[in-house]
Amino acid sequence: MSSLAATTFRWKKWRLDLPGQVPLQACRRSPDEHNDVQKKTFTKWINARFSKSGKPPISDMFSDLKDGRKLLDLLEGLTGTSLPKERGSTRVHALNNVNRVLQVLHQNNVDLVNIGGTDIVDGNPKLTLGLLWSIILHWQVKDVMKDIMSDLQQTNSEKILLSWVRQTTRPYSQVNVLNFTTSWTDGLAFNAVLHRHKPDLFSWDRVVKMSPIERLEHAFSKAHTYLGIEKLLDPEDVAVHLPDKKSIIMYLTSLFEVLPQQVTIDAIREVETLPRKYKKECEEEEIHIQSAVLAEEGQSPRAETPSTVTEVDMDLDSYQIALEEVLTWLLSAEDTFQEQDDISDDVEEVKEQFATHETFMMELTAHQSSVGSVLQAGNQLMTQGTLSEEEEFEIQEQMTLLNARWEALRVESMERQSRLHDALMELQKKQLQQLSSWLALTEERIQKMESLPLGDDLPSLQKLLQEHKSLQNDLEAEQVKVNSLTHMVVIVDENSGESATALLEDQLQKLGERWTAVCRWTEERWNRLQEISILWQELLEEQCLLEAWLTEKEEALNKVQTSNFKDQKELSVSVRRLAILKEDMEMKRQTLDQLSEIGQDVGQLLSNPKASKKMNSDSEELTQRWDSLVQRLEDSSNQVTQAVAKLGMSQIPQKDLLETVHVREQGMVKKPKQELPPPPPPKKRQIHVDVEAKKKFDAISTELLNWILKSKTAIQNTEMKEYKKSQETSGM
């Protein structure tokens, strides 16, 4: 059961007026290339965590994480707490698991940008990678570096990590680490980090002579063998024009965790002024320009502009190199923008499109200073007067074209953002209207269900259970739409302010209260129907068993001989059978009382006079049969007692008397409350009977009669109580 709330985005219009651009001849990269590398690297990281906790590995990250269970397993290991998981296979179960993941991340202060449960359940590649990177950044990167960041009073983990790498590799003249991308492609930097702290592991001179692929494989193998670092990276994924930044940061953090972590303030200050100035040795004085340092934050699916663009020397060659780097990025950005799909008419797809475009806009903002630096360098070159007329003309054309393409991309991006916003708000408005209409119909449906009495009999009740199950299925289907509404997107621009969300939040709150009420009523009524069904089924089953038992005892009593005994053996058999019946009925008496109590409980839960009347009638019928059986047992006992007096105790052999006493001796009262008249004087040739055996036989008959009288009285009292209760019920 989800509460409804809106996710608010600050939408700020931005603009950068720049002069120029030229056509660019550069290799184009697949937009999915970095995603593939991240998927591979993140999968290895997850499996390394699972291996330590004894959990099975994953094979396809996007599909294996969709139901949320593997994500909860991962968070259990990271947080050290047990997290419950729903084991069902429906989409609702998966959404509940993923929503629990998002809740745990929120509780641990993990920042998530526009990632919802449906994104993960649907297997959205970019947002799944974004979720995993947020987890890795929090527990793998920031958690590992939190102590040194605290000591140095720094908040930027990337700055600390880059400072550590540069400080570690400073003695190696072949290594100059400026970033987390291009500086690592030749494999020298990885080997330098290892060699600085573990110089006995290998020869540096031998590494220098290797190819980039060989160096990378060498570094990863040594780190795995001697430091226990998982091979998160593959050499062929790093030895490229622009490797994946996040994957390299992950691997470097693993090295940082196990190697000495000395970082000085001077090293940090040096990083803050990167990139290093490239000095041109010539007779003229060096002239440098300072440009803004690019922030390497955000979750861009493409590579950032290489850090060498952020500061260029005042010479034509450096300008051309910087221009090429900026144009490489701009061309990739143009391609990415063109590859975006047309705006969908499905609200979840539009949310995804909006989030994707929002990330794209953030990337444009992050790179605008790089474009400005190149244009500033071009302008400064032209004002120096050291260029030929042809060179000045070429630079002017380049700057004009760069500015035109940049401005066109900016304007088109803003227009798409506006269209996405309008489409998303309209679709979400329809969603709210549809939910409100659905709730109105469901509330009316509930009112009708409440107005009808519960079932007159068990089949009717079971039919109600099926109807209620249908309502539950409808709720489950609607839950998917409600989950979508829990991640509504509201864009607030600079002019609208906070008041723009007030009306929507009020509407969401009211819908949320109605949804909660419907879910609560459905759950409570289901529990009530289930309880009644179980009790009623138990009542009917026990009544059937008691009826069968009464039939059996009635037939057994019919077979008891009560007169015309030929000899003492027949008499002893009858006495024994009556005693057995007496004991059986004593044991069964509790069942009759329990059935009466269950019937009363079912009647109270049902609140159905017709059904209650039927249950009372069935109970009364059983009570009457019981009463009749007790009365018949009393009559049979009296007849047997009279037959004993007529036949005379002297005619019963001592052996038979003792056997009868022995069979029913346990549970009997040794001393009868009332002695029967003594038998007539013995006739001639009669066998002498032991006096003690005779007394015990008399006790059997007397105790049997006393029990029958007690049973009859108890039944009458029970009938009186039930009669009073029925009168009270009818009076209500």
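Computed from heavy atoms alone, side chains included, the values below leave out hydrogens, waters and symmetry copies. As the structure is a computational prediction, the values presented were derived from the model and not from experiment. The first residue of the sequence shown is numbered 1, and numbering continues consecutively from there.
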Ion pair present between [X] and [Y], side-chain N to carboxylate O less than 4.0 angstrom?
X	Y	result
Asp122	Arg91	yes
Lys569	Asp567	no
Glu586	Lys582	yes
Asp584	Lys588	no

Just checking, any donor-acceptor pair under 3.5 angstrom between side chains of [X] and [Y]?
X	Y	answer
Thr551	Arg625	yes
Gln631	Asp635	yes
Asn96	Glu86	yes
Gln466	Gln462	no
Asp457	Ser460	yes

Report task. Mind telling me whether Trp438 and Trp515 have parallel, tilted or perpendicular rings, with 30° and 60° as the class edges? Result -> tilted

Query raised in the report: Would you call the rings of Trp526 and His468 parallel, tilted or perpendicular, where under 30° means parallel and over 60° means perpendicular?
Result: parallel

Closest non-hydrogen atom pair between [X] and [Y], with its separation:
X	Y	result
Phe42	Met61	CB-SD, 3.8 Å
Val640	Ser574	CG2-CB, 4.4 Å
Trp536	Leu461	CE3-CD2, 3.8 Å
Glu478	Leu435	OE2-CD1, 3.7 Å
Val110	His138	CG2-CG, 3.6 Å
Ser59	Thr43	O-CG2, 4.4 Å

Side-chain donor or acceptor of [X] paired with backbone N/O of [Y] under 3.5 Å:
X	Y	value
Glu570	Lys566	yes
Ser437	Gln433	yes
Ser619	Met615	no
Asn124	Ile120	no
Asn99	Leu95	yes
Gln561	Ser563	yes
Thr641	Ser637	yes
Ser51	Asn47	no
Arg100	Pro84	yes
Asp119	Leu127	no

Any side-chain heavy atom of [X] sitting closer than 4.5 Å to one from [Y]?
X	Y	result
Phe50	Pro57	no
Leu65	Leu131	no
Ser636	Leu557	yes
Leu432	Leu508	yes
Arg445	Ser470	yes

Donor-acceptor pairs under 3.5 angstrom involving side-chain atoms of residues 71-81: please list them, not counting sequence neighbours.
from  : atom 1 : to    : atom 2 : distance (Å)
Asp73 : OD1    : Lys85 : NZ     : 3.3
Glu76 : OE2    : Leu83 : N      : 2.8
Glu76 : OE2    : Lys85 : NZ     : 3.0
Thr79 : OG1    : Leu75 : O      : 2.6
Thr79 : OG1    : Thr81 : N      : 3.4
Thr79 : OG1    : Thr81 : OG1    : 2.8

Query raised in the report: Going through the checks in order, is the side chain to side chain contact (heavy atoms under 4.5 Å, CB included) test met by Leu545 and Thr591?
Result: CA-CA 10 Å; Leu545 292 174; Thr591 301; over 6 Å; no

Query - Intermediate values then yes/no, side chain to side chain contact (heavy atoms under 4.5 Å, CB included), Leu535 and Glu531 - result: CA-CA 6 Å; Leu535 286 175; Glu531 182 181 4; 4.2 Å; yes

Requested in this report: Flag yes if more than 12 heavy atoms outside Gln590 fall under 6.0 Å of its CD atom; otherwise flag no.
Outcome: no

Query raised in the report: Would you find more than 12 non-hydrogen atoms of other residues, nucleotides or ligands less than 6.0 Å from Asn473 atom CG?
Result: yes

Requested in this report: Evaluate side chain to side chain donor-acceptor pair (under 3.5 Å) for Glu443 paired with Gln447, printing each intermediate quantity in order.
Outcome: CA-CA 6 Å; Glu443 288 162 350; Gln447 288 179 353; over 6 Å; no

